[in-house]
2 protein chains.
Amino acid sequence: MATIDDVAKASGVSKGTVSSVFSKKRPISKEVTERVLAAAKELNYKPNYWARSLANKSTRIIGLNIRADKVKFSQFHLSLLNGVLGVCYAHGYRLLVNALPSSFQNRVEHMATDPVDGEILLDPENRDPRIAERLSGDVPIVLIGRPSPEYENRVSYVDNDNVEMTQQITRYLLGLGHRSFLFLNAPKFRTVADDRARGFLAAVREAGLPPSSYQVAYKPDPDNPSFDFGYETTLGMLRSHPGITAVIADTDTMALGVYKAAETLGLSIPGQLSVFAFSDDSVFSPEFTPPLTGVRLHAERLGREAATLLLEQINGAAGTFKRTIVPTDMVIRSSCTEPKLNLGGNVS
Amino acid sequence: MATIDDVAKASGVSKGTVSSVFSKKRPISKEVTERVLAAAKELNYKPNYWARSLANKSTRIIGLNIRADKVKFSQFHLSLLNGVLGVCYAHGYRLLVNALPSSFQNRVEHMATDPVDGEILLDPENRDPRIAERLSGDVPIVLIGRPSPEYENRVSYVDNDNVEMTQQITRYLLGLGHRSFLFLNAPKFRTVADDRARGFLAAVREAGLPPSSYQVAYKPDPDNPSFDFGYETTLGMLRSHPGITAVIADTDTMALGVYKAAETLGLSIPGQLSVFAFSDDSVFSPEFTPPLTGVRLHAERLGREAATLLLEQINGAAGTFKRTIVPTDMVIRSSCTEPKLNLGGNVS
DNA sequence: AGGGTTCGTTAAACCGGTTTATTGATTTTC
DNA sequence: GAAAATCAATAAACCGGTTTAACGAACCCT
């Protein structure tokens, strides 16, 4: 590949001039500009991205970081990614998906700064080691999801109000008459699982329900499929706790597992079992049988807001920490209804 | 951020030595190594990625390129992305999503080489300008999808056998007794649309059907939602051509649009209308009502194979062009059946 | 006509690493 | 015990750009 020196030589100017022609950071006469551009075209020259980044101390790349040992993007991540990409697109940034195994990063020979101007961290966990690491460098970060308390005032983040949201939807189910729940939650080490558990517990306690009337199951391993977790856990729990009339699922894929479990057990939805999901899918969930009732998290908007916040921080106000709460919408379709009380028996 | 010079000074060695400690490309005595590492830790030093890339002429980054004006990843792209990411993960590569608007790239001040060691091009089109551009540089590329003929022997690519596959599934529908089709195809400028149309036409001609017995609709705009295209086109076509008994949809999301159109028209699936889809979703499609019959494209494997091919090309055999065909599987569920002939009338 | 600006261009330093050629010390070999 | 080979470390050149300081020519003003 031709270098800037080749072009300088070919067009009879200094490399500084060629640089200015391409960066437009300093005026160059029209005549010279044309000569340089012609020579560049002739030689098929393009400025080298790395050299430029090195000198500029900027890459116009932002990173999207998922926990190293978790490689698969979910449905939710897809919407999120689309939101982030939209902002990147609008501002001429590229997006680097950063998912190196920690075994790789910890080796001396692979140690390096991240090649980005800023980074979005997905799925924060309690005491997430990624945060401390970034905080000591000078790459701005924005989390999607709440950081654990020790970082709460030291980073920007975008999140739903998971506590309030979960409390509200639990109240909705309580309002329908449900008194015994299975809550299929996110993996325990994720902060979002805490928040949702808190909201759920606040609502059931407020209603005066005893701990025996609800089961909270945490997805053990982020790598195993949500569908399977939903299926197996529901199967097991409904067998050991046949009084359960409503299941709250962490994702719509998980909810699908619940549907399958209900089928296996011969339970009709929503007649004998109500299913509620935290979801973001506007295409598939309405087509479930029955159409899924749930709450939209607006993943795409989460992504958009996070990217916007990050760019703000990159281009100026570094060191200020903002928090953006994205509202959620409950979408009532047909998978939740009043429970048939098959214990008391005095219902129409 | 501390630089290599700071570390060299702090530990009383030359920068070359520090470099060797971190790159492990040359033996350094244990004693010196420890001293350098200690100083690095003290100063919170990490090698600068860009400087390293510049000197090494390699970033361990591969690019994923979608057409500039098409920013949203589909369901299909998600699986594909997961496949690519898996390979990246295994080999310590990062993935750069490259989706800059062409308006951006064409400005002199933004011109630059792509900051990657190699690139995967998605959704190739006829006479795709991205290919020519890459071919003149020295960044290896792999396409997912067939390039148009002029490039066919000059690039590596991974694809399904779309011609054969479509011919086969059309034969399947013909075998069930269908004689009037609606084929909802991909956007016309994409090479995949050609292949599928060819396979479809081969099958219907082979069966001796006249052109009046099938309609091929191309999705006009890649940016508009597949669901809407499926819904609206099916609605329109079935009204103007009520004889149609089978619809072949390009994606499962599109098929969902067909389902909705059937509902609007009061047609039962598969009783009055059979629906077939090119799909990749193993989670949702079985849960449609009725479960969707289709052909699995194995997007994740397409991604995996493409990434593997690309890494092969990066680490050695550049200049050799390979083609990988990923097999497809027909999955027969319940959305296709014999048509009820409501024209002839002499059927049980 | 002479002093002060403005403007376009250049040479050289710089960004932060890697690498090559060289050196000096230590070990091996006969 | 001297020559050869091995080894660790260094100084300087290099990767391919950007930027600063300096400079000469053209323009402006009185």
Side-chain angles (χ1 to χ4, degrees), chain A residues 1-37 39-40 43-60 108-117 137-139, chain B residues 1-37 39-40 43-60 108-117 137-139:
Chain A
M1 201 63 161
T3 73
I4 199 171
D5 286 299
D6 300 330
V7 177
K9 212 158 294 170
S11 51
V13 299
S14 74
K15 60 190 284 199
T17 304
V18 178
S19 172
S20 302
V21 167
F22 278 92
S23 67
K24 285 203 174 167
K25 292 192 184 163
R26 203 188 351 258
I28 296 292
S29 69
K30 195 170 178 189
E31 186 217 353
V32 173
T33 298
E34 275 166 11
R35 192 145 43 93
V36 169
L37 251 24
L43 295 168
N44 190 26
Y45 166 78
K46 285 185 176 185
N48 180 303
Y49 204 102
W50 318 314
R52 206 175 237 191
S53 298
L54 175 58
N56 282 336
K57 293 170 173 302
S58 155
T59 59
R60 293 192 83 81
V108 180
E109 63 267 41
H110 295 124
M111 231 195 237
T113 58
D114 276 327
V116 297
D117 291 350
D138 36 20
V139 175
Chain B
M1 200 62 160
T3 73
I4 198 170
D5 286 299
D6 300 331
V7 177
K9 212 159 293 170
S11 50
V13 298
S14 74
K15 62 191 282 200
T17 303
V18 176
S19 172
S20 302
V21 167
F22 278 91
S23 68
K24 286 203 176 167
K25 292 191 184 162
R26 204 190 348 264
I28 296 291
S29 69
K30 193 166 179 188
E31 186 217 353
V32 173
T33 299
E34 276 165 12
R35 189 143 46 90
V36 169
L37 252 22
L43 295 168
N44 190 27
Y45 166 77
K46 284 184 178 187
N48 181 303
Y49 204 101
W50 319 313
R52 206 176 237 192
S53 298
L54 176 58
N56 282 336
K57 292 170 172 305
S58 157
T59 61
R60 294 180 76 83
V108 180
E109 62 268 41
H110 296 124
M111 232 196 239
T113 57
D114 277 326
V116 296
D117 291 349
D138 36 20
V139 176

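Just so it is clear, the model here is predicted, and its values are computed rather than measured. Per chain, numbering begins at 1; letters A, B, ... match sequence-line order.
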**Study point:** A:T17-A:S20 side chain donor-acceptor pair, cut-off 3.5 Å
**Key:**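 No, because no side-chain N or O of A:T17 sits under 3.5 Å from a partner of the opposite role on A:S20.
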
**Study point:** Rounded interatomic separation in angstrom, taking NZ from B:K25 and C1' from C:dT19
**Key:**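 That distance rounds to 9 Å.
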
Review point. Expressed in angstrom and rounded to an integer, what is the separation of A:D5 atom CG from C:dA11 atom P?
Key: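 Nearest whole value for this atom pair: 12 Å.
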
Practice item. Could you name each residue pair satisfying salt bridge (charged side-chain N to carboxylate O under 4.0 Å, His left out) that touches residues 12-22 of chain A, not counting sequence neighbours? Key: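 Residue pairs passing salt bridge (charged side-chain N to carboxylate O under 4.0 Å, His left out), neighbours aside: none found.
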
Practice item. Calculate, to the nearest 0.5 Å, the distance between atoms CZ and NZ belonging to B:F22 and B:K24 respectively. Key: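 It comes to 11.0 Å.
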
Check your understanding: NZ of A:K25 to CD of B:E109: how many Å apart, nearest 0.5 Å?
Key ->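 One gets 10.5 Å once the value is rounded to the nearest 0.5 Å.
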
Across the strands shown, which category fits [X] at heavy-atom distances under 4.0 angstrom: base, sugar-phosphate, nothing?
X: A:T17; value: base
X: A:I28; value: sugar-phosphate
X: A:K46; value: sugar-phosphate
X: A:Y49; value: nothing
X: A:S19; value: base

Point to revise | Outermost nucleotides of DNA chain D that come under 4.0 Å of a non-hydrogen atom of chain A | key: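 In short, chain A contacts DNA chain D from D:dG16 to D:dT20.
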
Review point. Given that B:V13 and A:S20 both sit by DNA chain D, which one's nearest nucleotide is further toward the 5' end?
Key: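 Going by which nucleotide is closer to the 5' end, it is B:V13.
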
Practice item. Map B:V32 and B:K57 onto DNA chain D by nearest heavy atom, then report which one ends up closer to the 5' terminus. Key: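 Going by which nucleotide is closer to the 5' end, it is B:V32.
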
Check your understanding: Pick one: which of A:T113, A:T59, A:D114 meets side chain to side chain contact (heavy atoms under 4.5 Å, CB included) with B:Y49?
Key ->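 So the option named by the test is A:T113.
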
Check your understanding: What's the shortest heavy-atom distance between A:R60 and A:D117, and which atoms?
Key ->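 Closest pair (atom of A:R60, atom of A:D117, distance): N-OD2, 2.8 Å.
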
